[in-house]
Amino acid sequence: FGSSQLPPVRFLPCRAAASHSSGMAAQQYTAPTSQRAAVGEEEAIDGYNSSAESQTDSSEDFPVNTKDDALGGVMAKFMSGNIGLEILCGVTVALALVPEAVAFALSAGMTPSIGLHSAWVIAFVTAILGGRPAMICGATGSIAVLLGDTVSGKGPEYVFVAVILMGIIEIILGLLRVGSLVVLIPTPVMIGFCNGLALVIGFAQLTSFKLPGVHHARRLSGVPEAFHSFTDGEPWVTGEEAAFAAIITVVAFLISVFLPKLTERVPSALCSIIVGTAIEWGIVRGVFHSQTTIIGDLGSAGGSFPAPVWFDSSYQMPSVSGSTFGKVYSLATIMAAIGLLESVMTLSLVNELTKTKGSIVRECVGQGVANILCGAFGGMGGCAMLGQSMINVSSGARGRLSTFVSSVFILFIVLVAFPVINILPVSALAGVMFNVVYHTFEWSSLKLMAVALLPKSFRDRFLRAEGSRSKKIRRADALVILVVTVVTLLSDLAVAVGCGVALSCLLYVYDSAEFIRVTARVEMDAEDRAKTKFYDVHGVLFFGSASRFLELFDAENDPEEVHLIFESSYVSDYSAVEALNKLGERYAELGKRVTLQLLHPGNSRIVEKAQNLLVKELTLESGDRRVLDEGSDRRNIQSYGATQSFVVQGEGVAAGGAPEASGSLRLRAAAAAPASEDSC
């Protein structure tokens, strides 16, 4: 799965810590000093030490000659660092995974044991093969919501086949490095993704305040899955039960938020669950003789060790054939796309929180192997879990041991300790997840969008210059944040991110089209008549700016000789070539000639390859005239709004062939008489 060590990485700002600096201390996302030292050792061993100037495969630096050395290297990756904290974090995450895995399985029409087996299998495999230490993977709601129709229409057997095919697709996409395209996702899309996902997680916790297993109404059709808790037909708890559930949730939430401000030695989520359980059994049931929903009410977490589904008599697996895969390939493709997208974006957020870099390719391949095994053992598939990853990282975990412990502990729960898990109140776990919602949502984005929507007169009058007035983003970026957040609620994560990226691209094209401009100067002859007109083009000539480009020229009033100078401009695509052809034809109809002077090496290559597509009215001048040397030029483009040139220091040659006195190379045609300038 690639080298165990990565090239040096650029430190990214800690997005979550910066976003919530006003509401919580930044150290909540940072381990104590002693812990960070230990974490640094672990990350260096695990191949994620970004401080090294040059890194190679660890097998080259430390050759493994014996089985003992290989075993020692593997154990070092898991056992270095703060072992006690990693184990506590893994147990805490497992406790938070259990009720969600059960709930996701029930929402997909499957038994709780399927959700639990999916959780530990995926977490176990990704702890070993995954590309991001401390990131938690398991059964997720984004995958579960896609399975209901297949389970009810074809049966769970076809779900298992779809999960296996999903894993194969993920491996192929990972090896093709498709996951690396996440770098093309704009920041507003990332913010909208976080906000939308936080709202989805928050709405999902409302099911904790429902009476489990009671259906008094039919679920409304056509309602987005994010609002499932409002349309699932299950009645809300009322009376004392509702009051006690709310109290436990609030207490667990407050402990999760404020305990890290006092100490980081104990994971706050684990303390929240313990206190919530004590309130449930010591006060609610012991004193008031009431109760709230516990995990056991949703279904027993117990089960046996899974066997391959082909050897399980409870399933009638279809034959492995093209027709079988044909029935589930569309489902598998959507699952793979959503799974990889959510995993890669979660990996990016964990990278920012830990200030280390994970391997996207390795994560994609690891996810694929995990889902293949998950489907083979009767699982529902899954991907990275942002909520649990945030719990794990914010509690101080930085290594693979926490993920490994969580998978083993879930398996232990399924086989042995499920009676203990069955007594945990669901409302306490909901409080922990509301804390995840609190830290996942980009609260600062609300202020950014509000300031962006205010008119300038209002900002100048009511906002301080040193404050919010100078923190305005473009309204287009605010629109992208809002669109991605809303589409996440109305559809799913993949569609929301796709819409956000498409909208960002359209807005960028629209803005870039406005930056094309020309600066005109006229060369006069001895009789003070216009001899040649030079147009210096600035900006990028592409499909979006082609129409505006043609409007910048005055073909009727220009002299017979017109030169287009592409020194600080770039001919981008075929639409740009066609725009040049149209311009040449306009001048040719008036008996005038247009000469292209391509001083940008990229333009020379592009137009030279397409020269047979140029109309005969255009004269290409890039051989005898001065063209920038691609090997030695220094490109200095500061902005679209200012006139820029590509300059080669110390190699200046004027248009006529004589060196320039300044030593800087710029296109300026030798003038026979004083030139007059105007601007278009």
Side-chain angles (χ1 to χ4, degrees), residues 78 83-106 110-128 136-140 208 212 248 252 255-256 266-282 284-286 291-307 373-374 377-380 382 385 387-388 391-392 395 397 400-433:
F78 283 88
I83 297 177
L85 180 63
E86 293 282 333
I87 293 175
L88 281 177
C89 291
V91 172
T92 303
V93 169
L95 293 176
L97 271 172
V98 168
E100 287 211 344
V102 172
F104 293 151
L106 294 176
M110 297 181 167
T111 60
S113 60
I114 290 179
L116 291 173
H117 285 310
S118 302
W120 79 260
V121 169
I122 294 176
F124 181 85
V125 175
T126 54
I128 300 174
I136 304 299
C137 303
T140 59
S208 302
I248 294 175
I255 292 175
S256 298
V266 180
S268 59
L270 182 60
C271 291
S272 301
I273 296 172
I274 293 175
V275 173
T277 305
I279 294 175
E280 169 70 21
W281 292 94
V284 177
R285 295 177 185 257
Q291 65 178 11
T292 66
T293 303
I294 59 176
I295 291 179
D297 297 331
L298 301 177
S300 176
S304 59
F305 194 88
L373 294 178
C374 181
F377 284 94
M380 56 188 288
M385 308 184 73
Q388 280 69 23
I391 292 176
N392 199 37
S395 297
R400 299 179 182 273
L401 181 59
S402 58
T403 308
F404 181 81
V405 168
S406 67
S407 65
V408 174
F409 191 74
I410 294 175
L411 178 60
F412 175 77
I413 291 171
V414 174
L415 300 179
V416 179
F418 61 90
V420 177
I421 301 302
N422 286 340
I423 67 173
L424 298 180
V426 176
S427 53
L429 297 166
V432 174
M433 294 307 298

Query raised in the report: Quick one: ring-ring contact (aromatic ring centres under 6.0 Å, His included) partners of Phe377, sequence neighbours excluded?
Result: none
Query raised in the report: So, does His117 use its side chain to make a donor-acceptor pair with the main chain of Cys374 at under 3.5 Å?
Result: no
Report summary line: Note: Ser118 and Met380 closest approach over all heavy atoms is OG-N, 2.7 Å
Query raised in the report: Has the side chain of Glu86 got a donor or acceptor atom that lies under 3.5 Å from a matching backbone atom of Ser402?
Result: yes
Query raised in the report: Roughly how far, to the nearest 0.5 Å, is the CD1 atom of Ile391 from the CE atom of Met385?
Result: 9.0 Å
Return all side-chain donor-acceptor pairs below 3.5 angstrom for residues 403-419, not counting sequence neighbours, or 'none' if the list is empty.
from, atom 1, to, atom 2, distance (Å)
Ser406, OG, Thr403, O, 2.6
Ser407, OG, Phe404, O, 2.6

Requested in this report: Give the minimum heavy-atom separation between Pro112 and Val102, together with the two atoms involved.
Outcome: CB-CG1, 3.8 Å
Report summary line: Nearest heavy-atom approach of Ser395 to Leu85 is O-CD1, 3.7 Å
Query raised in the report: Excluding sequence neighbours, so at least two apart, what forms side-chain hydrogen bond (donor to acceptor under 3.5 Å, both in side chains) with Ser272?
Result: Ser256
Query raised in the report: When rounded to the nearest 0.5 angstrom, what is the spacing between CD1 in Ile294 and CG in Leu429?
Result: 11.5 Å
For a quick test of your reading: what N or O donor-acceptor pairs under 3.5 Å do the side chains of residues 88-96 make, sequence neighbours left out?
from, atom 1, to, atom 2, distance (Å)
Thr92, OG1, Leu88, O, 2.8

Report task. Mind listing the closest non-hydrogen atom pair of Ser427 and Ile248 along with its distance? Result -> OG-CG2, 3.4 Å
Query - Rounded distance [0.5 Å steps], CG in Leu424 versus CH2 in Trp281 - result: 10.0 Å
Requested in this report: Among residues two or more places apart or on two chains, list those pairs meeting salt bridge (charged side-chain N to carboxylate O under 4.0 Å, His left out) that have a residue in residues 267-281.
Outcome: Glu280-Arg285
Query raised in the report: For Ala123, does its backbone N or O pair with a side-chain atom of Thr126 as donor and acceptor, under 3.5 Å?
Result: yes
Query - Any Pro425 side-chain heavy atom under 4.5 Å of Thr277 side chain - result: yes
Report summary line: Scanning both residues in full, the closest heavy-atom pair of Ile255 with Cys271 reads CG2-CB, 4.2 Å
